[in-house]
Amino acid sequence: MPNTRALHKRPHPQHVAIIMDGNGRWAQRRGLPRLAGHAKGVERLRGVLRACPDLGVTHLTLYAFSTENWKRSTDEVSGLMRLFRRYIKKESARLARDGVRVRFIGNRHRLDDDLQKMMGWLEQLTAENTALNVTVAIDYGGRDEILRAVRRAAAAGVDPDTLDEAGLSAYMDTAGLPDPDLVLRTSGEVRVSNFLLWQAAYAEYDFLDICWPDFTAEVLADCVARFSARERRFGAATA
Ligand code: FPP
């Protein structure tokens, strides 16, 4: 007999996390500079965020800049930072009005001071919002996050013998947020790339052949529908 209590068919994923990959390839295929792909990628966010509440998605986590992305050219890194600044300036009023709460995870202190301030300001501005929780991972790496969490727990004097999974989760950047149900990656690459390593332990993955600048609300709806057709077992036996 299967452990039916461990069988969950979820009507929809409440927390979707996205590795927004393929901006560079999208641009190069069109003879455009890589940054044009990133800019198009940023443009896609508005429609995706708008679609989430109707799809029952309450949490959306976006991988915007990894700890490894610092190795890209100075031009590309500064271009991405410019896009982050522009996004906050341009979209903050709309996000606040639409009830979106924005949080940032990652190292943060390695970013320019002015950008850090803008991020903190947007977090405060939207702190009371509840329609959609958006978490943006910037200078984020899953291993780095786990390491920082362990260091924080040690610095707080936590006894390693009593530390359990929930205890360590409380020291992660994502403390208080639910784990992702569904992780999407665009661009055809089938890799996890250091994204939410701790939190995505039981997530479903969906790898899409399109590049991120081609991702639309309709694509998200398809991914949600595919997820709903899957049965999640959380380690239980097959029926
Ligand atoms: C990966 O494509 C994408 C990135 C490194 C950046 C993603 C960032 C955005 C879409 C901007 C997000 C902005 C906000 C405000 C959340 P790639 O350059 O690795 O593509 P490639 O693999 O084709 O080269």
Side-chain angles (χ1 to χ4, degrees), residues 16-52 57 59-96 98 100-108 110-112 114-123 125-126 132-142 173 183-196 207-217 219-220:
V16 176
I18 310 182
I19 304 175
M20 305 178 288
D21 195 17
N23 295 346
R25 269 164 287 174
W26 182 92
Q28 278 159 352
R29 282 174 201 152
R30 288 161 178 78
L32 299 168
R34 295 177 57 80
L35 270 172
H38 294 313
K40 189 71 186 170
V42 176
E43 270 179 40
R44 286 296 180 197
L45 294 174
R46 199 185 280 176
V48 171
L49 263 61
R50 201 185 299 131
C52 283
V57 174
H59 290 74
L60 180 72
T61 300
L62 301 165
Y63 205 3
F65 192 89
S66 74
T67 45
E68 289 72 37
N69 285 155
W70 292 110
K71 294 181 204 143
R72 296 193 174 199
S73 74
T74 326
D75 275 359
E76 186 167 350
V77 170
S78 58
L80 277 165
M81 297 299 156
R82 232 180 3 257
L83 286 174
F84 298 148
R85 286 185 180 89
R86 196 190 298 162
Y87 181 80
I88 295 174
K89 269 193 201 140
K90 213 172 127 193
E91 295 294 316
S92 53
R94 178 185 300 270
L95 291 164
D98 291 349
V100 179
R101 178 172 184 179
V102 182
R103 297 176 178 89
F104 294 92
I105 55 170
N107 259 306
R108 201 179 293 216
R110 296 197 290 199
L111 302 169
D112 286 349
D114 70 307
L115 180 55
Q116 288 186 47
K117 281 199 187 106
M118 291 172 83
M119 289 157 60
W121 172 80
L122 183 58
E123 285 179 326
L125 178 75
T126 61
L132 175 65
N133 291 276
V134 171
T135 303
V136 183
I138 295 189
D139 193 9
Y140 175 86
D173 294 353
V183 179
L184 306 177
R185 182 179 190 142
T186 53
S187 91
E189 306 292 346
V190 184
R191 281 194 297 275
V192 173
S193 294
N194 209 6
F195 187 46
L196 301 178
F207 296 96
L208 311 173
D209 280 331
I210 56 166
C211 291
W212 173 252
D214 290 326
F215 192 95
T216 59
V219 178
L220 179 63

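Both counts, for ligands and for their atoms, begin at 1 and track the order of listing.
Every residue two or more places apart in sequence or in another chain that forms a side chain to side chain contact (heavy atoms under 4.5 Å, CB included) with E123 is listed here: R103, F104, R108.
Using a 4.0 Å cut-off between charged side-chain N and carboxylate O, R191 and D21 make no salt bridge. By the 4.0 Å N-to-carboxylate-O rule, R50 lies too far from D98 to be salt-bridged with it.
Taking 4.0 Å as the cut-off, L45 counts as a neighbour of ligand 1 on heavy-atom distance. Heavy atoms of A64 come nearer than 4.0 angstrom to ligand 1 in at least one pair. Under a 4.0 Å heavy-atom criterion, N69 is in contact with ligand 1.
The atoms of ligand 1 that sit less than 4.0 Å from any heavy atom of R25 are 21 (P), 22 (O), 23 (O). Less than 4.0 angstrom separates some heavy atom of R34 from each of these atoms of ligand 1: 17 (P), 18 (O), 24 (O). Ligand-side atoms of ligand 1 in range of R72: 5 (C), 17 (P), 18 (O), 19 (O), range being under 4.0 angstrom from any heavy atom. For ligand 1, the atoms sitting less than 4.0 Å from at least one non-hydrogen atom of V42 are 11 (C), 13 (C), numbered in the order shown with element in parentheses.
Residue R110 places its CZ atom among more than 12 non-hydrogen atoms of other residues, nucleotides or ligands, all under 6.0 Å distant.
At the shortest separation from atom 10 (C) of ligand 1 among protein heavy atoms lies N23 ND2, 3.4 Å. The protein heavy-atom contact nearest to atom 12 (C) of ligand 1 is M20 CE, 3.8 Å. Closest protein heavy atom to atom 4 (C) of ligand 1: H38 CE1, 3.8 Å.
Using cut-offs of 30° and 60° on the angle between ring planes, the pair Y63 and F195 is parallel.
Residues V77 and R72 approach most closely at CG2-O, 3.8 Å, considering heavy atoms.
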Side-chain donor/acceptor pairs under 3.5 Å, residues 40-49, sequence neighbours excluded:
| unit_1 | atom_1 | unit_2 | atom_2 | d |
| --- | --- | --- | --- | --- |
| K40 | NZ | E43 | OE1 | 3.2 |
| R44 | NE | P213 | O | 2.6 |
| R44 | NE | F215 | O | 3.4 |
| R44 | NH2 | P213 | O | 3.3 |
| R46 | NE | E91 | OE1 | 3.4 |
| R46 | NE | E91 | OE2 | 3.4 |
| R46 | NH2 | E91 | OE2 | 2.7 |

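No side-chain donor-acceptor contact under 3.5 Å links R34 and S73.
The option with the heavy atom closest to atom 13 (C) of ligand 1, from among F84, F65, W212, Y87, is F84.
Considering backbone and side-chain atoms alike, D21 places an N or O below 3.5 Å from some N or O of ligand 1.
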